[in-house]
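Only this structure's heavy atoms are used, side chains among them; waters, hydrogens and symmetry mates stay out.
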Amino acid sequence: MYKSLFNKREVVRFKQFSNKGYSLFSCLRKEVIVCTLSVATIGNSKAAGVNIDSLSDINPKEPVKEIRLDDVEITGSRAPLMLGQAARMVTVLDREQIAQAPVQSINDLLKYAAGVDVRQRGAMGAQTDISVRGGTNEQITILLNGINICDPQTGHNAFDFPVDISEIERIEVLEGPAGRVYGTSSLVGAINIVTRVAKTSGGQVRLEGGSYGYLSGGGHGTWAHKQWSQQLSGSYSRSDGFSRSKAGNLNADYKGGKVFYQGQYDAPDLLVRWHAGISTKGFGSNTFYSMKFDEQYEKTMKTFTAIQAETKGKWFHFMPSVYWNHSTDRFELIRDGADKYPFNYHRTNVLGVNLNSYFDWKLGRTAFGAEFRNEDLVSGNLGEPLNNPIHIHGTDRDYDHGLNRSNISFFLEHNILLKNFTLSAGLTSVKNTWNEMSMRVYPGMDISYRVDDHWKLYASYNTSLRMPSFTELYYSVGGHKADKYLKPEELQALEAGVKYLSSAVSGSVSVYYHHSKNLIDWIMDTTEKDPIWKSVNHTKVNAIGVETNLSMDLQQFFKQQSVLQSWNISYNYINQKKDMPANIQSQYSLEYLRHKLVSSLQMQLLRNIHLNINYRFQGRTGSYTTVEGDVAEYKPYSLVDARLSWSLPSTEWYVEANNLFDKDYVDYGNVVQPGFWFIAGVRYRF
């Protein structure tokens with residue numbers, strides 16, 4: 001179900017205009033559809049760049065016929081390019097796939113990407129560590145509508161999004177270094193969550209419940225008038241959790257809410273978008289951070305605000321943006337036990353400004369710009385001592401430690417756009433005030449060649465870096481000892497691949513090689529009397545991987561039936577090479593998914609009844625120390641999830657089953673995972 005944006009449908013081109021930097025469709029910067037649509041098709045159209053209102057005069061009695069051109073804009077480079085022009089592949093989970101998936105959170109959606117490692121600490125979105133291609137949860141950039149929302153304190157809480165899953169238009173995954181596209185922190189890739197502002201007034205409400213006391217409800221409403229669109233949403237979820245502590249208390253429960261407001265002004269010469277959201281969540285973190293304590297608890301609150309604009313000139317585009325991210329975090333090693341072990345308090349503020357621009361000329365498309373980002377942390381235990389402590393609201397404590405650092409980067413990129421060939425090359429230069437880092441330059445280049453309408457070859461060389469998180473630099477409590485003199489991580493990557501596309505089959509094969517320098521990890525020497533986790537830089541780590549994907553339109557193959565709709569299978573293999581003594585355990589960088597296979601089957605049992613079955617196999621390398629003190633290897637496991645839905649014009653009823661065969665498995669050492677769980681819900685659109 002997880003596929004590359006290149007693998008959409010068979011391409012039909014206007015030969016006089018396709019793949020030209022000056023083409024009509026490229027200038028429009030819209031996804032163009034040549035079609036006649038029935039009323040039923042309009043409701044499910046995926047043409048994000050087409051105003052549905054303008055199709056109201058189409059004769060509903062005419063037969064359905066839709067031909068999609070490959071000129072939809074993607075973000076695999078600094079200068080936005082149409083899909084047919086892009087040299088770098090961006091994997092996309094679109095709105096239709098999101099609706100079909102048996103998941104309750106964005107975190108769960110990413111399980112079905114072969115190149116993405118989703119390590120659950122708490123199910124149903126309570127807490128999840130996500131990485132790409134053998135990296136760690138700190139090494140990817142997380143974006144909301146193109147705005148960097150990475151948390152410099154820690155990557156553990158990076159996926160606390162303020163948006164409900166029903167608001168997502170698509171999820172873009174850029175695998176491999178993305179320094180010149182998204183700046184620092186995108187060491188091994190980036191994940192961009194793109195929300196949708198409806199062009200017509202309306203909305204929907206949702207209610208669902210299930211196993212482990214799970215209950216969730218929410219909805220959103222949209223007001224649209226001429227060039228203005230505004231949308232407000234809210235949701236709340238809670239669960240008793242799937243496990244108990246040794247004392248019989250809740251230790252995997254959670255509850256939290258989200259509120260998100262977004263809007264846009266879309267005029268012929270100017271587009272302005274803005275959003276503001278809050279995500280708050282409290283969850284039992286049983287043995288998440290220390291196996292000795294099984295009643296840990298954490299409470300987080302995050303606020304995101306941003307405003308973006310884009311001029312729509314014929315040849316020059318200016319795209320400024322300003323954003324502010326605010327987060328607070330309270331960690332309790334013993335729940336409600338501040339008298340036994342003081343709580344950890346953290347507050348982070350991130351302010352950023354982006355000045356992006358690009359222009360078209362005879363030799364192609366050139367992009368240039370700059371970005372400034374300031375990260376400020378005050379804490380009870382992270383950072384350097386503060387001269388003027390700050391009171392922690394609602395407590396008798398002060399933030400007495402902190403750290404402030406600024407990052408400024410400049411970028412330059414040029415794209416040569418020929419009929420069947422694209423070359424995208426550029427660089428980013430970065431300077432960070434932390435540790436008096438000097439200005440460094442990171443280049444990259446992507447090349448693609450379109451053999452014909454079906455085959456595409458591509459290759460790339462990219463570099464990037466990542467600054468250490470505040471936790472990696474200063475967390476020296478609870479069995480951990482950090483090193484505040486850690487060096488930034490650096491990565492060089494090579495990738496080459498081939499993609500095939502037809503009306504019935506699409507597929508891809510890619511091979512990639514990563515060379516990492518100063519890779520940051522937490523390691524433990526098990527031979528020590530009282531072993532603790534220490535943050536260190538590995539000198540060099542090399543990795544090689546292969547990723548394959550095959551998608552089939554089963555209705556094209558078996559035209560006499562209507563039950564089997566589509567089938568997809570993907571596989572990713574990684575092998576990392578780093579000589580480590582047997583007595584050393586790695587918590588992140590050398591504990592990765594060596595094998596991951598995902599497959600999905602979509603079926604239409606009756607006219608309005610759909611069944612989706614998803615299979616996942618994972619084989620992780622590495623080991624962990626059990627509560628009893630034994631060293632255990634991670635064991636491979638397989639899981640099956642399913643979703644059955646009944647869709648009416650304005651209402652959808654659905655049931656979902658996760659871990660259908662009740663398998664026992666471990667994603668992260670000593671953190672128990674749930675067995676079979678069941679969810680039923682209803683969604684009403686108005």
Less than 4.5 Å apart, any side-chain heavy atom of Trp274 and any of Tyr261? yes
Does a side chain donor of either Tyr474 or Glu384 reach within less than 3.5 Å of an acceptor in the other side chain? yes
Below 4.0 angstrom, N of the basic side chain to O of the carboxylate: do Glu310 and Lys312 qualify? no
As a test of understanding, state which of Ser464, Ser424, Ser429, Ser186 forms a side-chain hydrogen bond (donor to acceptor under 3.5 Å, both in side chains) with Arg180. Ser424
Trace of the side chain to side chain contact (heavy atoms under 4.5 Å, CB included) decision for Glu547 with Asn572: CA-CA 4 Å; Glu547 186 168 337; Asn572 189 73; 3.3 Å; yes
Between Asn145 and Tyr323, a side-chain donor and acceptor under 3.5 Å: no
His346 vs Asn381 side-chain heavy atoms within contact, under 4.5 Å: yes
Side chains of Arg405 and Asn432: is there a donor and an acceptor less than 3.5 Å apart? no
Any luck finding a side-chain donor-acceptor pair between Asp446 and Asn462 under 3.5 Å? yes
Verdict with supporting geometry, Thr91 and Val116, side chain to side chain contact (heavy atoms under 4.5 Å, CB included): CA-CA 11 Å; Thr91 306; Val116 179; over 6 Å; no
Verify side chain to side chain contact (heavy atoms under 4.5 Å, CB included) between Leu593 and Ile574, making sure each step is shown before the conclusion. CA-CA 7 Å; Leu593 280 183; Ile574 304 174; 5.8 Å; no
Looking only at the side chains, is there a donor atom on one of Thr463 and Arg440 sitting less than 3.5 Å from an acceptor on the other? no
Can you confirm whether Leu351 sits close enough to Asn349 that some side-chain heavy atom of one is under 4.5 Å from a side-chain heavy atom of the other? no
Here the gap from Ile140 atom CD1 to Glu175 atom CD, rounded to the nearest 0.5 Å, amounts to 10.5 Å
For Glu495, which residues count as a salt bridge (charged side-chain N to carboxylate O under 4.0 Å, His left out) partner, sequence neighbours excluded? Arg133
Taking atom types as modelled, is there a side-chain donor on Asp329 or Thr300 under 3.5 Å from an acceptor on the other? no
Would you say His156 and Asp129 are linked by a side-chain donor-acceptor pair, where the criterion is simply a distance under 3.5 Å? yes
Kindly write out the residues that satisfy salt bridge (charged side-chain N to carboxylate O under 4.0 Å, His left out) with Arg273, not counting sequence neighbours, or none if the list is empty. none
With a 4.0 Å cut-off on N to O distance, would you call Lys534 and Asp525 a salt bridge? no
Compute whether any side-chain donor of one residue and acceptor of the other, for Asp483 and Ser535, lie under 3.5 angstrom apart. no
Value rounded to 0.5 Å, distance of SG in Cys150 from CG in Leu144: 11.5 Å
Gln262 and Thr195: side chain donor to acceptor below 3.5 Å: yes
Full working for side chain to side chain contact (heavy atoms under 4.5 Å, CB included) between Phe161 and Ser279: CA-CA 6 Å; Phe161 292 102; Ser279 172; over 6 Å; no
Could you report the tightest heavy-atom contact between Asp667 and Tyr634, atom names first, then the distance? O-CE2, 4.0 Å
Side-chain heavy atoms of Arg347 within contact of Ile390, under 4.5 Å: yes
Between the side chains of Glu413 and Tyr358, does any donor sit under 3.5 Å from an acceptor? no
Contact between Glu138 and Thr154 at the side-chain level, heavy atoms closer than 4.5 Å - yes or no? yes
Approximate separation, where rounding is to 0.5 Å, of Lys540 NZ and Glu490 CD: 12.0 Å
Quick one: do Glu375 and Arg373 make a salt bridge, cutoff under 4.0 Å? yes
Given Leu486, Leu187, Val536, the one that forms side-chain contact (heavy atoms from CB on, under 4.5 Å) with Ile520: Leu486
Counting only heavy atoms not in His391, do more than 12 sit closer than 6.0 Å to its NE2 atom? yes
